[in-house]
Amino acid sequence: MIILAFYGLHRYQLVWLYYRNRSKASHSSEPIASFSESELPFVTIQLPIYNEQFVIDRLIDACCRLDYPRDRFEIQLLDDSTDETTDVAQGIVARYAAGTEGLAPQPVHYIHRTNRYGYKAGALEEGLKVAKGELIAIFDADFVPPPQWLMQVVHHFAEQGIGMVQTRWTHLNRNYSFLTQVEAILLDGHFVLEHGGRSRAGVFFNFNGTAGMWRREAIEEAGGWQHDTLTEDTDLSYRAQLKGWKFKYLQDVECPAELPIEMTAFKTQQARWAKGLIQTSKKILPTVFKSDAPFHTKLEAFYHLTANISYPLMIVLSTLLMPAMIIRSWQGPLQMVLIDLPLFMASTMSVSSFYLVSQKELFPRTWYKTFLYLPFLMSLGVGLTITNTKAVLEALFGIKSAFARTPKYAVQKKGERSQARKYRKRLGIIPWIELAIGCYFAATVWYAISTENYFTVPFLLLFVLGYWYTGLLSLFQGLFERRNAQSGEMHEKPYPVGI
């Protein structure tokens, strides 16, 4: 609890940095310098995809409608697909290259690899070999950049020393389900307070793998894309900043994307990020500590890259709660006020305040509705502990795994999930473990009530709700999967791993 409390206190610090340095925020309309129309740099847009047939058309169409001179602009569709996506992608690229739907012929190129060496990082590196641009913009398959995106970002590279500009993700299907609502709040907290606080304070922060633009020189000087971690974006970000390149974050520039609509897809995404950050911490932190960076920058890098160590600690906490309650049955109100309350405020309460502040910044008129989602948001964080702990331990012990992509279906409205079974992940024993742990905490709740330890009941209910919520959603998805398989509607290929 003490270690978890330190990470909780760090959330308060991020909120403080965000507000303390408000005057240092970067804005799309206020670049320090800008290009004249004749000086606009050549931009290469890279679109790494892998088995993404449902969203390619939307992605290519959005990129072809970006407002930028066509003689200084090219699009690379970097396709590592192993299914019929290759035929779909080639057809779409050919259609837009020839001109379609009121558009003149577009500078879009199709690049396919049969050897998926390096996964996403390998695809980006391969595309870079033939890219013409001095600036490289990257969008994942589920993103839909608005027409003005390039012009909002590009002028910030007129400032010397800027190596990367990141923009804020928004959510196409935020209102699809209760799960996507909670996912959106989680991501908003990251993009408002983590990126906002770090960028305004002038410490290191990371490119998010998409919806950002790089200076090609910065990528090359930092050592290029490397694939020895699952978060190649964070790895390259730290290497570039250690070389002296400056990063900018434009909170007012939005780039919509699709949220995972199924629990197992969400778990896959979160586990990949958790494992990748721990891998990056093992690789990068020794270099950060030896660098000439200020102490507060090094400390922030440590907090950022090691934050997911809290998941194994949550497992330990879960295991010890019932024995601790039994052993401490003598505890009175004084001990509770001196020990439990401060730790609770530093760890659990910091989470709720962190996300409330982020929603207040984005939605000043309706942010209070976030209170309804807070218990479920914290419960979802609890429910992820099993899959994320497994990911963190794999990273700590050097166990390698493929880059598990998050399926995208171009689903935005309720009821639109007929395509979702195509790339659905197979289930293992983890949902059953989550349900079992949920039952353990239900017994702990009963014990707390029977011993009149009512103060701990709401806290314990978060654990019950979290483990049962993630476990049941995963299992119900599996039941539908088996039912579809019996009717012969399942796709013949297993769930793909890759981007």
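Between Gln226 and the choices Glu125, Lys283, Glu232, the side chain to side chain donor-acceptor pair (under 3.5 Å) rule is met once, by Lys283. Of the listed residues (Phe247, Tyr249, Trp214), just one forms a ring pair (Phe, Tyr, Trp, His ring centres under 6.0 Å) with Phe207, and that residue is Trp214.
More than 12 heavy atoms of other shown residues, nucleotides or ligands fall within 6.0 angstrom of atom NZ in Lys298.
Under the side-chain hydrogen bond (donor to acceptor under 3.5 Å, both in side chains) criterion, Glu220 pairs with Arg216, not counting sequence neighbours. For the side-chain hydrogen bond (donor to acceptor under 3.5 Å, both in side chains) test, residues two or more places apart in sequence or in another chain that qualify with Asp57 are Arg95. Every residue two or more places apart in sequence or in another chain was checked for a side-chain hydrogen bond (donor to acceptor under 3.5 Å, both in side chains) with Thr370, and none qualifies. Listed by chain and number, the residues in a side chain to side chain contact (heavy atoms under 4.5 Å, CB included) with Glu134 are Pro41 (sequence neighbours excluded). Remark: Ser38 engages Ser36 in a side chain to side chain contact (heavy atoms under 4.5 Å, CB included) (not counting sequence neighbours). Every residue meeting the side chain to side chain contact (heavy atoms under 4.5 Å, CB included) condition with Ala307, not counting sequence neighbours, appears here in chain and number order: Tyr7. By the side chain to side chain contact (heavy atoms under 4.5 Å, CB included) test, Glu126 pairs with Arg113, Lys129, sequence neighbours left out. Contacts of Glu394 classified as side-chain hydrogen bond (donor to acceptor under 3.5 Å, both in side chains), with partners at least two apart in sequence or in another chain: Lys275, Lys390.
Residue pairs meeting the ring pair (Phe, Tyr, Trp, His ring centres under 6.0 Å) criterion with at least one member in residues 85-118, sequence neighbours excluded: Tyr117-His227. Pairs of residues two or more places apart, or lying in two chains, that qualify as salt bridge (Lys or Arg N to Asp or Glu O under 4.0 Å) and include a residue from residues 64-77 are Asp61-Arg65, Arg65-Glu101.
Ring-plane geometry between Phe143 and Trp169 is classed as perpendicular, the angle between the planes exceeding 60 degrees on a 0 to 90 degree scale with a lower cut at 30.
A heavy-atom distance below 4.5 Å is found between the side chains of Leu47 and Ile45.
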*Walk me through it: do Tyr238 and Phe204 pass the test ring pair (Phe, Tyr, Trp, His ring centres under 6.0 Å)?*
CA-CA 7 Å; Tyr238 272 84; Phe204 292 167; 5.7 Å; yes
*asked:* I'd like to know whether Trp149 forms a ring pair (Phe, Tyr, Trp, His ring centres under 6.0 Å) with Tyr68, so could you lay out the CA-CA distance, the side-chain angles of the two residues, the decisive distance to 0.1 Å, and finally the verdict.
replied: CA-CA 9 Å; Trp149 190 92; Tyr68 205 76; over 10 Å; no
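Ion pairing of Arg168 with Glu254 is present here, as a side-chain N (NZ or NE/NH1/NH2) and a carboxylate O approach within less than 4.0 Å.
Considering every non-hydrogen atom in both Val253 and Thr167, the closest pair reads O-CB, 3.4 Å. Considering all non-hydrogen atoms of both residues, Thr306 and Phe302 come closest at OG1-O, 2.5 Å. For the residue pair His190 and Asn208, the shortest heavy atom distance occurs at NE2-ND2, 3.0 Å.
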Compile the donor-acceptor pairs under 3.5 Å between side chains in residues 286-297 and protein atoms, sequence neighbours left out, one pair per line.
{"residue": "Ser291", "atom": "OG", "partner": "Val288", "partner atom": "O", "Å": "2.6"}
{"residue": "Ser291", "atom": "OG", "partner": "Ala293", "partner atom": "N", "Å": "3.3"}

Under 3.5 Å, which donor-acceptor pairs link side chains of residues 19-32 to any protein atom two or more places apart or in another chain?
{"residue": "Tyr19", "atom": "OH", "partner": "Glu361", "partner atom": "OE2", "Å": "3.0"}
{"residue": "Asn21", "atom": "ND2", "partner": "Leu17", "partner atom": "O", "Å": "3.0"}
{"residue": "Ser28", "atom": "OG", "partner": "Asp252", "partner atom": "OD2", "Å": "2.8"}

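Of the possible polar contacts, none joining the Ser237 side chain to the Asn206 backbone as a donor-acceptor pair under 3.5 Å is found.
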